[in-house]
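This structure is a prediction, so every number in the text was calculated from the model and none was measured. One-based numbering along the sequence shown. Each ligand, and each atom within it, is numbered from 1 in the order the structure gives.
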Amino acid sequence: MAGKRASGEGSRKSEIRNQKSEVRSQKSEVRSQKKEEKRSLNGTGRKQGMKCIVVVGAQWGDEGKGKVVDYLAASFDYIARYAGGHNAGHTVIFNGHRFILQLIPCGILRPGRHAVIGPGVVVDPAALVGELDTLHKAGIEVAGRLHISNRAHLIFPYHRQMDKAAEAARGSGKIGTTARGIGPAYEDKMARHGLRVCDLMDAELFRQKLARVVQEKDAICRATYGVPLDAAGHAEEYLTLGVRIREFVCDTAELLNGALSEGKPVLVEGAQGTMLDIDHGTYPYVTSSSATAGGACTGLGIPPTHIAGVVGVTKAYTTRVGSGPFPTEMPDLEAKEVRDRGNEYGAVTGRPRRCGWLDLFMLRYAVMLNGISSLVVTKLDVFDTQREIQVCVGYRYKGAVLREMPAEIEILEQVKPEYRTLPGWCSSTFGVRDAAALPQAARDYLAFISDQLGVEIGMISTGPERDATIVPAESQLARWL
Ligand code: GDP
Ligand code: IMO
Ligand code: MG
């Protein structure tokens, strides 16, 4: 028995030893799994495959960001706007349907994708509800897919009133704003008496806050523009709109960072363009937000360490709406031709866009400011009948070559662009979907742009439809899809 007991104890001991060694090997397995996971984090603390790509306008807006974002959105789960408001007009055309989105990111048009309006955006709830109605009529349901930041600032009718009054007061020096109240809403945000989306969620507090602001603004409006502030009925109207959007309101920084940490890809949709940026653009002929890539981080609460790449969008030429310097602007007749061929009329205001040649000096500045890693060239087809194409490769001021983009508007108004003349292709590129099928002169034009800027051309757009798009297989951009 003793022997049996002894042998029983021995086997229990060896069993315990086995169990311990199993635990040790399990622990070492967990350790090596963790090591493997760490290796796959790419040294950035992110899961492999996770991506956050920012799309920015490289010129003065209207570069075709809507079309580009819509195309890319097929490969992303979340599409987020970080700046501006309904001054933007992003056109998306597919299967013959045309949508112009002003506040809601274009990703909403892709089934199953989430569209996010970040805290850096200024929201006019009436415009937003109008856009929701348009989408609903088109059979696009947004429930569970649209997310609006509780921290986004609100645009009120008095912001529009002040925008118009300020423009009138500027006389011939007017900026040519979209009259949507964007500037005055951002002014209030910075002056720290703006109201935010979260304020709409508590009716009594909202009434109190709005009454305080209206009293203050009325005094300013009377003193500055000699007119009283028209704010009658705004509180109740906005509370009604608040009820409509309540279901979409959340902390979007939590949402996006949560998505990114789960490895879900996020596409950031820029509005306006680099030269309209409040800090880096042709001030004061700019908008009032940070349109450049840096604005994506502040306007969404996505850390810079999470941005994997920046896509810059440029037309094959240049356009600008509103006033301000435009060194490569074409003379009237030539501008009219391009305007007609490119249908260059504002998506929001219908204003004719000023047209000019491609400006590589300006694009170099845009590449630097945004860290553009891949460039998209849109509207190549608009040059299909152009016999010769001018491209600005540098600026001279009073005979001297400029090395930097001048800060002074007075200098920028007088710079002389230095042009290179390239041959046109005089054949149709409309709807071409394969780079090899482009005429040689068109390929040379693109190669010239890429060489001059030191950036790849990751996408070429040959028509407004979704499918009229070329993504060279070897490009960095293709690897993000
Ligand atoms: P966004 O503000 O940057 O989104 O640009 P807009 O939508 O305001 O303006 C771009 C215009 O060009 C829209 O009417 C588009 O449908 C159109 N568009 C975009 N890409 C192309 C293209 O490659 N060829 C042509 N012909 N039109 C294009
Ligand atoms: P998307 O996103 C082109 C211009 C206006 C004006 C200046 C200031 O469609 O590219 P604002 O109303 O913002 O105070 O006007 O900025 N502007 C745009 N131009 N595209 C835009 O947006 C623009 N958003 C503002 O024309 O010159
Ligand atoms: Mg536009």
Do the ring centers of Trp60 and Phe326 come within less than 6.0 Å of each other? yes
For ligand 2, which atoms have a heavy atom of Ile175 less than 4.0 angstrom away? 8 (C), 27 (O)
How long is the straight-line distance from NE2 of His280 back to OH of Tyr365, given to the nearest 0.5 Å? 6.5 Å
Under 4.0 Å to a heavy atom of Ala88 - the qualifying atoms of ligand 2, by number: 1 (P), 2 (O), 9 (O), 22 (O)
For atom 15 (C) of ligand 1, the protein heavy atom that lies nearest, with its residue and separation: Thr91 CB, 4.0 Å
Geometric N/O contact Arg351 with ligand 2, under 3.5 angstrom: yes
Quick one: look up the protein heavy atom nearest atom 12 (O) of ligand 2 and list residue, atom name and how far away it is. Thr178 OG1, 2.5 Å
Select one of side chain, backbone, both or neither to describe which atoms of Asp163 lie under 4.0 Å from any atom of ligand 2, heavy atoms only. neither
Is it true that Gly89 lies under 4.0 Å from ligand 1, counting heavy atoms only? yes
Output yes when the distance from some N or O of ligand 1 to some N or O of Gly64 is under 3.5 Å, and no in every other case. yes
Taking only Lys NZ, Arg NE, NH1 and NH2, and the carboxylate oxygens of Asp or Glu, determine whether Lys336 and Asp340 approach each other closer than 4.0 Å. yes
Using a distance-only test with no angle check, is there a side-chain donor-acceptor pair under 3.5 angstrom linking Arg320 and Gln59? no
Should Asp251 and Arg151 count as an ion pair when the cut-off is N to O under 4.0 Å? yes
Please confirm whether Ser323 comes within less than 3.5 Å of ligand 2 when only nitrogen or oxygen atoms on both sides are compared. no
Side chain, backbone, both or neither: which applies to Asp381 and ligand 1 if a contact is any heavy-atom pair less than 4.0 Å apart? side chain
Specify side chain, backbone, both or neither for Arg180, according to which of its non-hydrogen atoms lie closer than 4.0 Å to ligand 2. neither
Checking contacts here: is it the side chain or the backbone of Tyr285 that comes within 4.0 Å of ligand 2, counting heavy atoms only? Could be both or neither. neither
Using heavy atoms and a threshold below 4.0 Å, how should the contact between Leu276 and ligand 2 be classified: side chain, backbone, both, or neither? side chain
Check for me whether Lys379 meets the cation-pi criterion with Tyr317, that is, NZ or CZ under 6.0 Å from the six-membered ring centre and within 45 degrees of the ring axis. no
If we set the cut-off at 4.0 Å for heavy atoms, which region of Thr462 has an atom near ligand 1: side chain, backbone, both, or neither? backbone
Suppose we only allow N, O or S atoms; which atom of Asp62 ends up nearest to the Mg ion (ligand 3)? OD1
Hey, are His136 and Glu141 close enough side-chain-wise for a donor-acceptor pair under 3.5 Å? yes
Atom 28 (C) of ligand 1: the protein heavy-atom neighbour that sits closest, reported with distance to 0.1 Å: Lys379 CE, 3.5 Å
When you check the gap from the basic side-chain N to the acidic O, do Asp70 and Arg110 get nearer than 4.0 Å? yes
Enumerated ligand 2 atoms positioned under 4.0 Å from heavy atoms of Trp60: 3 (C), 19 (N)
I want to know if ligand 2 touches Asp62 in the polar sense, i.e. an N/O pair below 3.5 angstrom. yes
Are a donor atom and an acceptor atom from the side chains of Gln272 and Asn87 found within less than 3.5 Å of each other? yes
Test your reading of the model: is there a side-chain donor-acceptor pair from Thr378 to the backbone of Glu63, 3.5 Å cut-off? yes
Without swapping roles, check the side chain of Ser323 against the backbone of Lys174 for a donor-acceptor pair under 3.5 Å. yes
For side chain to side chain contact (heavy atoms under 4.5 Å, CB included), just list the numbers for Tyr71 and Asp467, CA-CA rounded to whole Å, side-chain angles, deciding distance to a tenth of an Å, and then say yes or no. CA-CA 8 Å; Tyr71 185 92; Asp467 291 345; 5.8 Å; no
Which heavy atom of the protein is the closest neighbour of atom 7 (C) of ligand 2, given with residue, atom name and distance? Val286 O, 3.9 Å
Taking Glu167 first and then Arg170, would you say they form a salt bridge - that is, a charged N and a carboxylate O separated by under 4.0 Å? yes
Ser288 near ligand 2, heavy-atom distance under 4.0 Å? no
Mark up the atoms of ligand 2 that fall under 4.0 Å of a heavy atom belonging to Gly322, in ascending order. 27 (O)
Could you say whether the N/O atoms of Gly89 and ligand 2 ever approach to under 3.5 Å? yes
Measuring from non-hydrogen atoms of Lys65 to any atom of ligand 2, is the shortest distance under 4.0 Å? yes
Proximity of Arg320 to ligand 2 by residue part, where a heavy atom lies under 4.0 Å: neither
At a 4.0 Å threshold, what atoms of ligand 1 neighbour a non-hydrogen atom of Lys67? 20 (N)
Would Asp77 and His114 count as having a side-chain donor-acceptor pair, cut-off 3.5 Å? no
Those atoms of ligand 2 less than 4.0 Å from some heavy atom in Ala271: 2 (O)
Measuring from non-hydrogen atoms of Gly176 to any atom of ligand 2, is the shortest distance under 4.0 Å? yes
Which of the atoms of ligand 1 are close to Ser461, meaning less than 4.0 Å from one of its heavy atoms? 20 (N), 21 (C), 22 (C), 23 (O)
Can you tell me which residue and heavy atom of the protein come closest to atom 10 (C) of ligand 1, and the distance to 0.1 Å? Asp62 O, 3.7 Å
Is the shortest distance from a Lys or Arg side-chain nitrogen in Asp218 or Arg222 to a carboxylate oxygen in the other one below 4.0 Å? yes
Between the OG1 atom in Thr252 and the CG atom in Asn150, the distance rounded to the nearest 0.5 Å is 7.0 Å
Could you say whether the N/O atoms of Gly183 and ligand 2 ever approach to under 3.5 Å? no
With nothing but distance in play, are any N or O atoms of Asn87 less than 3.5 Å from an N or O of ligand 2? yes
If you measure every N/O of Gly66 against every N/O of ligand 1, is any gap under 3.5 Å? yes
Ligand 1 contact on Lys65 by region, counting heavy-atom pairs under 4.0 Å: both
Give yes if a backbone or side-chain nitrogen or oxygen of Thr378 is under 3.5 Å from a nitrogen or oxygen of ligand 1, and no if not. no
Please list the nearest protein heavy atom to atom 15 (O) of ligand 2 with its residue and the distance rounded to 0.1 Å. Thr177 CA, 3.3 Å
Phe248 ring center near His147 ring center (under 6.0 Å): no
Without hydrogens or angle criteria, can the side chains of Thr319 and Asp62 be said to hold a donor-acceptor pair below 3.5 Å? no
Is there a nitrogen or oxygen of Arg98 sitting under 3.5 Å from a nitrogen or oxygen of ligand 1? no
In terms of side-chain geometry, is the basic nitrogen of Glu344 or Arg353 positioned less than 4.0 Å from the acidic oxygen of its partner? yes
When you check the gap from the basic side-chain N to the acidic O, do Arg341 and Asp384 get nearer than 4.0 Å? no
Under a 4.0 Å N-O cut-off, is there an ion pair linking Arg354 with Glu329? yes
Mind checking whether Gly61 has a heavy atom under 4.0 Å from ligand 1? no
Val432 backbone acceptor or donor facing Thr429 side chain under 3.5 Å: no
Of the backbone atoms (N, CA, C, O) and the side-chain heavy atoms from C-beta on, which set of Arg353 has a member under 4.0 Å from an atom of ligand 1: side chain, backbone, both, or neither? side chain
N/O/S from Gly61 sitting under 2.8 Å away from the Mg ion (ligand 3): no
Min N/O separation Gly463 to ligand 1 under 3.5 Å: yes
Are any of the heavy atoms in Gln272 under 4.0 Å away from ligand 2? yes
